[in-house]
There are 2 protein chains.
Amino acid sequence: MAERRSDATRAAILVAARERFASDGYERATIRAIAADADIDPSMVMRYYGNKEKLFAAAAEFDLQLPDVSAIPPDQLGAGLARHFLNRWEGDDTLTALLRAAATNEAAAARMRDLFGVQLLPVVAAACPDPADAPRRAGLVATQMLGLALCRFVLRLPPVVEMPAEEAAAWVGPTIQRYLTAPQ
Amino acid sequence: MAERRSDATRAAILVAARERFASDGYERATIRAIAADADIDPSMVMRYYGNKEKLFAAAAEFDLQLPDVSAIPPDQLGAGLARHFLNRWEGDDTLTALLRAAATNEAAAARMRDLFGVQLLPVVAAACPDPADAPRRAGLVATQMLGLALCRFVLRLPPVVEMPAEEAAAWVGPTIQRYLTAPQ
DNA sequence: AGTCGATGCCAACACCTGTTGGCAAACGTG
DNA sequence: CACGTTTGCCAACAGGTGTTGGCATCGACT
């Protein structure tokens, strides 16, 4: 498929959609507002993405880019993962969009579950002693990382917002480490 | 003020509102649906609560009922708080409603910040070594407890949902404990 | 019995939503 | 140049939203 002239429009829509979904959530992010941000007509959004649901699906495509666990010393896994999550979150609106939307939109919640099942679970399975424990351990890791993201990027709890990323990772790292490798 | 005949209606509205806000979030919980659940006319909601925002404010009124820290052995504070949070969450729709709504509604987010500032912060201040650290420590506690609630009651991550409350508290307890009392 | 406020429902409003179809201009190709 | 396709905008639809005002009914009190 050759490069089309409309690719720029498609991309602009996606950027605007991510920003709106991230700041407003699924229902309050209107197609009209997204189109206005992208400086095009609302009907263009429909033509290129079908409907709002599919637009969100396209905008919420995300790769956590989790590192290879075997490349990290086992005792620094927790801190490493914590730092990686925070970096990934700060640099991209997509995860905040997904998190905000997932609170009220079932499809977005399903996407979130998928994200952690497909991307986080294997990493945890490779890092924890007994692979049979992996789901539970991955779930626990999710509670801490998503909770941190929720307080920092969505609810904006002042103490959590003001904390430097480095310090947040230092606090949360041992928690992740324990969820990954602690016995029982 | 004597008891009015409309008190039952008022209460029914509040119950229906909490359920709807908890399961649908702020925007998708419509006044019409709430009124239908309460078996009354939508205009009644307006008469008794003014508008949707005020209705939510009334429905999201919540007391964490945090225990007196001095009554608990200092080394069991983390586990105790974790259990208390989970109990409080399971037994009442209000917190889920607040959490879901806070993801997309700024007023709800402000309410959540207030809840933690007014109710959680003093408890943490009384429990941690240096009161000057209290805000940061309370923020960290919030990340773990809200993250757990998010994964369990909102996103419904299977491993976190299936985990018995007792086990969840056992895992999360030491984390809370560390956030409360660990040095630095 | 008659009065007055409280309670409730109905119908409607103004607005916003996702979504659609048609029409004009621009483009690439023969 | 003429052709069909792509890209874009405009106008409109149908349905849902919060919210309002008017009108009937009920209850209590004089």
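Here is the naming used below: chain letters follow the sequence lines, and residue numbers restart at 1 for every chain.
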K.L.:
Which is the 5'-most and which the 3'-most nucleotide of DNA chain C that has an atom under 4.0 Å from a heavy atom of chain B?
P.N.:
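Range of nucleotides within reach of chain B: C/dT7 to C/dA12.
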
K.L.:
Main chain of A/Leu155, side chain of B/Arg113: is a donor-acceptor contact present, judged purely on distance under 3.5 Å?
P.N.:
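Side chain of B/Arg113 to backbone of A/Leu155: a pair is present.
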
K.L.:
For the residue pair A/Ala60 and A/Leu98, what are the closest heavy atoms and their distance?
P.N.:
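Scanning both residues completely, I find the closest heavy atoms to be CB-CD1, 3.8 Å.
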
K.L.:
Would one find a side-chain N or O of A/Ser6 under 4.0 angstrom from OP1 or OP2 of D/dG8?
P.N.:
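For D/dG8, OP1/OP2 do not have a side-chain N/O of A/Ser6 under 4.0 Å.
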
K.L.:
Using heavy atoms and a sub-4.0 Å distance, could you list which residues of residues 36-53 of chain A are near DNA chain D? By number, please.
P.N.:
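Contacting residues: A/Ile40, A/Asp41, A/Ser43, A/Met44, A/Arg47, A/Tyr48.
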
K.L.:
Which donor-acceptor pairs under 3.5 Å do side chains of residues 157-172 of chain B form with protein atoms, sequence neighbours excluded?
P.N.:
{"unit_1": "B/Glu166", "atom_1": "OE2", "unit_2": "B/Arg83", "atom_2": "NH1", "d": "3.1"}
{"unit_1": "B/Glu167", "atom_1": "OE2", "unit_2": "A/Arg136", "atom_2": "NH1", "d": "2.9"}

K.L.:
Rounded to whole Å, please give me the gap between CG in B/Leu55 and C1' in D/dT17.
P.N.:
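After rounding, the reported distance stands at 15 Å.
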
K.L.:
For B/Val69, enumerate each residue passing the side chain to side chain contact (heavy atoms under 4.5 Å, CB included) test, keeping only those at least two apart in sequence or located in another chain.
P.N.:
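B/Val69 satisfies side chain to side chain contact (heavy atoms under 4.5 Å, CB included) with B/Leu77, B/Val123, B/Ala126, B/Ala127 once adjacent residues are dropped.
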
K.L.:
Rounded to the nearest Å, what distance is computed from the CD1 atom of residue B/Ile34 to the P atom of nucleotide D/dG16?
P.N.:
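After rounding, the reported distance stands at 17 Å.
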
K.L.:
With DNA chain C as reference, determine whether B/Arg10 or B/Arg32 sits nearer its 5' end, using the nearest nucleotide of each.
P.N.:
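Its nucleotide being nearer the 5' end, the pick is B/Arg10.
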
K.L.:
Restricting to salt bridge (charged side-chain N to carboxylate O under 4.0 Å, His left out), what partner residues turn up for A/Arg100, sequence neighbours left out?
P.N.:
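Here no residue qualifies.
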
K.L.:
Report yes or no: does B/Arg20 contribute a side-chain atom to a donor-acceptor pair with the main-chain N or O of B/Thr30 at less than 3.5 Å?
P.N.:
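Checked: no pair found.
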
K.L.:
If you take any heavy atom closer than 4.0 Å to DNA chain D, which residues from residues 12-31 of chain A end up in contact?
P.N.:
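Per residue number, the list is empty: none.
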
K.L.:
Under a 3.5 Å cutoff, is there a donor and acceptor pairing between the side chains of A/Tyr179 and B/Thr175?
P.N.:
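There is such a pair between these side chains.
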
K.L.:
Identify the heavy atoms of A/Val154 and A/Thr96 that sit nearest to each other, and give their distance.
P.N.:
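Taking A/Val154 first and A/Thr96 second, the nearest heavy atoms are CG2-CG2, 4.4 Å.
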
K.L.:
Do you know the tightest heavy-atom contact between B/His84 and B/Leu64?
P.N.:
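Answer, listing the atom of B/His84 first, then B/Leu64: NE2-O, 2.9 Å.
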
K.L.:
In terms of the angle between their ring planes, are B/Phe21 and B/Tyr26 parallel, tilted or perpendicular, with boundaries placed at 30° and 60°?
P.N.:
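Judged by the thresholds at 30° and 60°, the geometry between B/Phe21 and B/Tyr26 is parallel.
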
